[in-house]
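These numbers were taken from a predicted model, which means no experiment stands behind them.
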Amino acid sequence: MASNVSTKPRTVICVGDIHGYVTKLLNLWSNLQSHMDQESFNSATVIFVGDYCDRGPDTRKVIDFLVSLPTKYPSQKHVFLAGNHDFAFSAFVGTLPAGFDAKETWREYAGSEDREGWYKGDGYERMHLQGRRWAGTIKVRFNSVKGTEYKGSIYDAAPTFESYGVPHGSADLAKAVPEDHKKFLADMLWVHEEDDVCIESDAGLKHCKLIAVHAGLEKEKNVEDQLKFLKAREAWVPKIEALSGRKNVHDIPKELSETIVVSGHHGKLHVEGLRLIIDEGGGLENNPVAAIVLPSMKIIRDTDNLSK
């Protein structure tokens with residue numbers, strides 16, 4: 001439904017994948033502040049779509065910044081979604097929700113263990129599949145899809161280990177990660193819903209529901225069932241499609257109407273109707289980190305040259 005009511009709608013900022021690039025994150029945050037008036041910025045709902053770690057050099061500093069936000073900006077609302085990389089990081093350091101049989105999560109993908117070089121160090125027997133993949137050492141050195149060298153594992157996790165002062169694949173990472181970072185990882189949401197989020201349209205302001213999830217929702221499965229599963233954060237599944245899927249979660253499920261679905265993950269910027277994919281960076285060094293501001297649908301990047 002569209003409305004021309006003059007009441008100023010609230011600001012919702014959706015921040016794309018960061019992947020360990022703290023300088024990009026700080027520049028983006030500064031540009032977001034410059035883009036809007038102080039009241040709108042300080043009262044905004046800020047949704048981070050996940051993938052804070054890996055690939056870039058400064059995961060520890062990225063999480064330091066994110067952890068500090070509620071204190072620095074107490075009138076903002078901050079939502080921290082789990083990405084597939086963050087899920088795997090959490091699996092390795094032991095902060096996933098309890099209640100799963102680790103070895104059962106390996107079974108379906110056991111044929112990939114040798115090629116992906118799954119972690120087999122201290123504690124691996126109790127570790128979720130994705131933690132083992134994350135901390136492993138992949139035998140193939142070149143990622144032909146991205147055109148880059150792998151950084152340690154299939155997740156490019158080596159820079160995350162190094163940002164905490166330990167070598168890739170070291171069990172000492174669990175001791176090196178500060179308690180407030182572990183709490184951040186433990187508290188990440190797998191999905192977030194907001195009511196009455198506005199976007200600008202030709203007919204005026206359009207009032208929508210918003211669902212934020214790192215990769216997306218599966219097209220062929222009941223949406224309510226998916227949301228229930230994601231809210232419960234049941235880690236017994238070896239691969240969470242809403243965090244890790246590709247084509248199967250790219251589009252908005254047909255049963256959703258008047259609903260914005262915002263994600264990152266897909267290594268591109270894609271804004272089509274109410275489907276918002278904000279991952280222009282893709283974890284690549286020379287690509288920008290982007291955010292979208294609602295209701296204006298304005299894209300802000302760390303590379304923008306904005307001034308008050």
Side-chain angles (χ1 to χ4, degrees), residues 16-20 47-55 59 80-93 95-97 100 102 104-113 115-119 127-136 138 143-146 148 150-157 160 185-186 188-192 211-221 223 225-253 261-268 270 275-279 281-284:
D17 300 30
I18 300 162
H19 277 301
I47 300 171
F48 293 87
V49 302
D51 277 3
Y52 313 110
C53 63
D54 301 344
R55 299 185 178 148
T59 290
F80 302 110
L81 292 172
N84 57 316
H85 287 255
D86 315 309
F87 179 98
F89 180 9
S90 186
F92 186 76
V93 298
T95 57
L96 284 183
F100 63 90
E104 282 298 315
T105 69
W106 311 344
R107 191 182 306 275
E108 183 180 348
Y109 296 92
S112 300
E113 179 173 1
R115 182 181 67 86
E116 295 179 354
W118 296 358
Y119 174 80
M127 192 173 293
H128 190 283
L129 166 68
Q130 300 304 334
R132 294 192 65 198
R133 296 177 75 225
W134 185 77
I138 190 165
N143 184 337
S144 58
V145 175
K146 290 186 174 292
T148 58
Y150 282 111
K151 298 177 179 179
S153 70
I154 196 166
Y155 275 99
D156 298 319
T160 297
L185 293 170
M188 291 182 300
L189 302 178
W190 294 6
V191 70
H192 178 71
I211 298 174
V213 57
H214 180 66
L217 297 173
E218 294 179 78
K219 291 184 290 187
E220 306 302 328
K221 293 187 178 179
V223 169
D225 289 346
Q226 292 185 67
L227 295 176
K228 182 179 179 181
F229 167 77
L230 293 169
K231 289 173 185 175
R233 300 193 307 160
E234 297 181 22
W236 57 267
V237 177
K239 179 184 176 186
I240 314 297
E241 289 296 328
L243 275 58
S244 303
R246 294 292 180 184
K247 291 182 180 179
N248 60 328
V249 297
H250 186 277
D251 299 326
I252 298 178
V261 180
V262 61
S263 303
H265 183 63
H266 294 275
K268 64 181 180 180
H270 174 85
R275 182 60 170 131
L276 313 179
I277 296 174
I278 314 300
D279 182 23
L284 298 176

| field | Distance-minimising heavy-atom pair for Leu243 and Ala82 | value | CG-O, 3.6 Å
| task | Please report the C-alpha distance between Leu185 and Val93 in whole Å, then the side-chain angles of each, then the deciding distance to 0.1 Å, and finally whether the side chain to side chain contact (heavy atoms under 4.5 Å, CB included) criterion is met. | result | CA-CA 9 Å; Leu185 293 170; Val93 298; 3.9 Å; yes
| field | Pair Asp54, Thr160: side-chain N/O donor-acceptor within cut-off below 3.5 Å | value | yes
| query | Which is it for Lys221 and Glu241 under the side chain to side chain contact (heavy atoms under 4.5 Å, CB included) test, yes or no, and what are the steps along the way? | reply | CA-CA 11 Å; Lys221 293 187 178 179; Glu241 289 296 328; 5.7 Å; no
| remark: Here the pair of heavy atoms bringing Pro253 nearest to Val223 is CB-CG2, 3.7 Å
| Distance-minimising heavy-atom pair for Ala215 and Gly245 | CB-O, 3.8 Å
| Residues forming a side-chain hydrogen bond (donor to acceptor under 3.5 Å, both in side chains) with Asp251, sequence neighbours excluded | none
| message | Rounded to the nearest 0.5 Å, what separates atom NZ in Lys231 from atom CD in Gln226? | response | 12.0 Å
| query | Just how far is it from atom CZ of Phe48 to atom CG of Leu189, taken to the nearest 0.5 Å? | reply | 13.0 Å
| message | Between Asp86 and Asp51, is there a side-chain heavy-atom distance shorter than 4.5 Å? | response | yes
| Could you state the interatomic distance from CD1 (Ile252) to CG (Leu276), rounded to the nearest 0.5 Å? | 7.5 Å
| query | Between Glu113 and Arg132, does at least one N-O distance fall below 4.0 Å, as a salt bridge requires? | reply | yes
| message | Is it the case that the side chain of Glu116 and the backbone of Gly136 share a donor-acceptor pair, with hydrogens and angles ignored and the cut-off at 3.5 Å? | response | no
| remark: Contacts of Tyr52 meeting ring-ring contact (aromatic ring centres under 6.0 Å, His included) (sequence neighbours excluded), chain-then-number -> Phe184
| message | If I compare all heavy atoms of Ser244 with all of Asn84, which pair ends up nearest, and what's the gap? | response | OG-CB, 3.4 Å
| task | Find out whether Leu230 and Val213 are in side-chain contact, i.e. whether some heavy atom of one side chain is under 4.5 Å from a heavy atom of the other. | result | yes
| field | Pairing residues for His265 by the ring-ring contact (aromatic ring centres under 6.0 Å, His included) criterion, not counting sequence neighbours | value | His214
| said: To check you understand the geometry: which heavy-atom pair defines the closest contact between Met127 and Ala102, and what is its length? | reply: O-CB, 3.4 Å
| said: Could you measure the distance from the CG atom of Leu81 to the CD1 atom of Ile47? Nearest 0.5 Å is fine. | reply: 7.0 Å
| query | Has the side chain of Arg133 got a donor or acceptor atom that lies under 3.5 Å from a matching backbone atom of Ser153? | reply | no
| Sub-4.5 Å side-chain heavy-atom contact between Lys239 and Glu108 | no
| task | Taking Trp190 for its side chain and Ala232 for its backbone only, find out whether a donor-acceptor pair lies under 3.5 Å. | result | no
| query | When rounded to the nearest 0.5 angstrom, what distance separates CZ in Phe89 from OG1 in Thr95? | reply | 7.5 Å
| Given Lys151, Lys146, Arg55, the one that forms side chain to side chain donor-acceptor pair (under 3.5 Å) with Asp156 | Arg55
| request: Give a yes or no on whether the backbone of Pro238 and the side-chain of Gln130 come within a donor-acceptor separation of less than 3.5 Å. | output: yes
| said: Checking the side chain of Asn248 only, and the main-chain atoms of Arg246 only, is there a donor and an acceptor separated by less than 3.5 Å? | reply: yes
| query | So do the side chains of Val191 and Phe229 get within less than 4.5 Å of each other, counting heavy atoms only? | reply | no
| field | For Glu234, all residues meeting salt bridge (Lys or Arg N to Asp or Glu O under 4.0 Å), sequence neighbours excluded | value | none
| task | Could you list the residues that satisfy ring-ring contact (aromatic ring centres under 6.0 Å, His included) with His85, not counting sequence neighbours? | result | His19, Tyr155
| From CZ (Phe87) to CH2 (Trp134), nearest 0.5 Å | 13.0 Å
| said: Going by salt bridge (Lys or Arg N to Asp or Glu O under 4.0 Å), name the residues that satisfy it together with Lys268, two or more places apart in sequence or in a different chain. | reply: none
| task | Could you walk me through whether Ser263 and His250 pass side chain to side chain contact (heavy atoms under 4.5 Å, CB included), step by step? | result | CA-CA 9 Å; Ser263 303; His250 186 277; over 6 Å; no
| query | Between His128 (side chain) and Ala235 (backbone), is there a donor-acceptor pair under 3.5 Å? | reply | yes
